[in-house]
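Data first, discussion second: the structure below is written as structure tokens.
It should be emphasised that the depicted structure is a prediction, and the values quoted were computed from it without experimental measurement. Just so you know, ligand 1 is whichever comes first in the structure, and atom 1 is the first atom listed for that ligand.
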Amino acid sequence: MQKIEFYRHNIGKKEIQAVSKVLKSIFLTTGSVTEEFEKKFADYLQVRHVLGLTSATAGLFLLIKAMDIKEGDEVITTPLSFVSAANCILHCGAKCVFVDVDKNTGNIDIDLIKQKITDRTKAILPVHLYGVMNDMKRMKAIADKYNLKIIEDSAHCIEGEIDGIKPGQISDGAAFSFYATKNITSGEGGLVATNNDELADKIRILRLHGMSLDAAQRYTKKFTQYDVLVPGYKYNMFDIQAALLLTQLERIDKMWEQKKEIFKYYYEKLKDINGISYPSVPENVKHSLHLFTIWVDPEKRDEIIVKLQEKGIGVAVNFKPIHLFKYYREKLGYKHGMFPEAVRIGASTISLPFYAKLKKKEIDYIAKVLKDII
Ligand SMILES: *Cc1c(COP(=O)(O)O)cnc(C)c1O
């Protein structure tokens, strides 16, 4: 039977060579390779600061922390996402306030944000679902009016833009992920991008125990005592990770072009199957092409997933809405009837295999199988 993985990474000779080079050097932790990657990523995004971390979750957590958001505060976010951001809001002691999503894109419904703003609201935390950016200009107008911060969960969106704006450019900060299935990957990894100097300084300190000097500074310069300025965390990206990412970053636009072809081919192949619809991509958006997601009849969705898997096709569900998880229902009082659009999409959605190495004949097979099932 044919086997089509849900995801295949793009790590090859160049990455293996780059990692070998680091392994043969003396310095394995956060040093010059991490610094070079941060600089290149900042150039790519055209933002002032990039801070390499162990995950996007670390980035979201540190952004919320660095903004001094804490118990008694509220953060507005979407229920239709991975649980990471919502958990981070809770870790900081704040209240996680969900707002339903737009029925066409699955991104947070900006029209519904205002009615959830209270005098305790400190930030809005949008997620660029599947790689389609939220309307940052409109969100920024609301944030400015109510004096709120914006934290972007950009785990799906490295290459994306809206109105020419990239993640991290007009918000207070964006967190990116290099988890195993993301557009470029080091297995685990992440970063924060921001144009806010003060936040960048705070996160630089918080990511490494709150120390005033990192290991590279202590190692390469004349001996100086470091100080501890705050009780920080241990979230620093290190050179082995950065080596893997640097060479992928060089190819990221090329891989994006390949995925654009695949995206188009999928649409072509699936277009005459009744009963499939798609999240929409607004005209002013450059899609980062992270996930290829279809929406099917929620009554039949699980059955379709099982049959796809039986035919050797890897799939994922992005996402079961967060407010339906046990902890969020039982401890935070969220209920089944809430956020109907997020629930509808969460019950209809199937993400199909989608990566630069996916072959046209594999898509032909997926299309044929889907047609037979539906
Ligand atoms: C992958 C993902 C995360 C978490 O990324 P990590 O690097 O694993 O912490 C957060 N949000 C979304 C939307 C994701 O898909």
Side-chain angles (χ1 to χ4, degrees), residues 6-7 9 34 37-38 41 50-65 75-92 96 98-99 101-102 105-108 123-134 150-160 167-168 171 173-193 203 206-207 233-238 241-242 244-245 248-249 279 287-293 315-323 325 328 342 345-346 349-352 354-355:
F6 176 66
Y7 184 76
H9 64 66
T34 305
F37 173 64
E38 290 175 337
F41 207 92
V50 161
L51 296 146
L53 303 168
T54 46
S55 67
T57 306
L60 293 164
F61 174 77
L62 292 180
L63 278 164
I64 301 167
K65 263 288 171 205
V75 178
I76 291 174
T77 192
T78 167
L80 189 65
S81 182
F82 185 57
V83 72
S84 163
N87 281 350
C88 288
I89 295 168
L90 302 184
H91 286 316
C92 291
C96 178
F98 290 124
V99 166
V101 300
D102 178 90
T105 61
N107 278 331
I108 192 167
I124 308 170
L125 199 164
V127 180
H128 304 310
L129 192 71
Y130 310 143
V132 170
M133 269 181 85
N134 287 261
I150 301 176
I151 301 166
E152 294 166 82
D153 179 339
S154 208
H156 291 186
C157 189
I158 301 173
E159 306 92 325
S171 69
F176 294 81
S177 175
F178 308 117
Y179 174 72
T181 56
K182 300 291 158 60
N183 283 15
I184 62 174
T185 179
S186 48
E188 301 284 353
L191 60 79
V192 158
I203 291 173
L206 281 174
R207 74 173 165 177
Y233 304 88
K234 182 66 169 93
Y235 289 150
N236 53 306
M237 175 178 281
F238 64 112
Q241 268 174 324
L244 275 168
L245 294 166
Q248 290 177 75
L249 185 61
H287 196 327
S288 84
L289 306 178
H290 175 51
L291 293 172
F292 185 83
T293 296
V315 293
V317 169
N318 306 96
F319 291 93
K320 173 173 170 171
I322 299 165
H323 71 286
F325 289 122
Y328 282 79
I345 296 172
T349 189
I350 305 175
S351 298
L352 297 175
F354 187 44
Y355 35 90

(Q) Using modelled atom types and a 3.5 Å cut-off, is there a donor and acceptor pairing between side-chain atoms of Thr77 and backbone atoms of Leu125? (A) yes
Q: Could you tell me whether a side-chain N or O of Asn183 sits under 3.5 Å from a main-chain N or O of His156, the two making a donor and an acceptor?
A: no
Q | Proximal ligand 1 atoms for Ser84, defined as those under 4.0 Å from one of its heavy atoms | A | 10 (C)
Q: Identify the protein heavy atom lying closest to atom 15 (O) of ligand 1, giving its residue, its atom name and the separation to 0.1 Å.
A: His156 NE2, 2.8 Å
Q | Donor on one side chain, acceptor on other, Ser84 and Thr57, under 3.5 Å | A | yes
**Q.** Distance from atom 8 (O) of ligand 1 to nearest protein heavy atom, with residue and atom
**A.** Tyr179 CB, 3.8 Å
Q: Using atom types as modelled and distance alone, determine if a side-chain donor or acceptor of Asn107 lies under 3.5 Å from a backbone N or O of Leu129.
A: yes
Q: Give, for atom CG of Leu291 and atom CZ of Phe319, the distance between the pair rounded to the nearest 0.5 Å.
A: 7.0 Å
**Q.** Check: Glu188 side chain, Thr54 main-chain N or O, donor-acceptor pair, under 3.5 Å
**A.** no
Q | Nearest-neighbour protein heavy atom for atom 12 (C) of ligand 1, which is reported as residue plus atom name and distance | A | Ala155 CB, 3.5 Å
Q | Sub-3.5 Å N/O-N/O distance, Lys182 and ligand 1 | A | yes
Q) Can you check whether Phe178's main-chain N or O pairs, donor with acceptor, with Thr185's side chain at less than 3.5 Å? A) yes
Q) Side chain, backbone, both or neither: which part of Val127 has a heavy atom under 4.0 Å from ligand 1? A) side chain
Q | Top protein contact for atom 11 (N) of ligand 1, by heavy-atom distance | A | Asp153 OD2, 2.8 Å
Q: Under 4.0 Å from a heavy atom of Gly189: give me the atoms of ligand 1 that qualify, with their elements.
A: 7 (O)
(Q) Between Glu152 (side chain only) and Gly168 (backbone N and O only), is there a donor and an acceptor less than 3.5 Å apart? (A) yes
Q.
For atom 7 (O) of ligand 1, what's the nearest protein heavy-atom neighbour? Residue, atom name and distance, please.
A. Ser177 OG, 2.7 Å
Q) Is the backbone N or O of Leu206 less than 3.5 Å from a side-chain atom of Tyr235, with the two atoms forming a donor-acceptor pair by type? A) no
**Q.** Part of Ser55 within contact of ligand 1 (heavy atoms, under 4.0 Å)
**A.** both
Q.
List ligand 1 atoms under 4.0 Å from Ser81, heavy atoms only on the residue side.
A. 13 (C)
Q.
Starting from atom 9 (O) of ligand 1, what is the nearest protein heavy atom, named by residue and atom, and what distance separates them?
A. Thr57 OG1, 2.4 Å
Q.
Any nitrogen or oxygen of Ala56 lying under 3.5 Å from a nitrogen or oxygen in ligand 1? Just yes or no.
A. yes
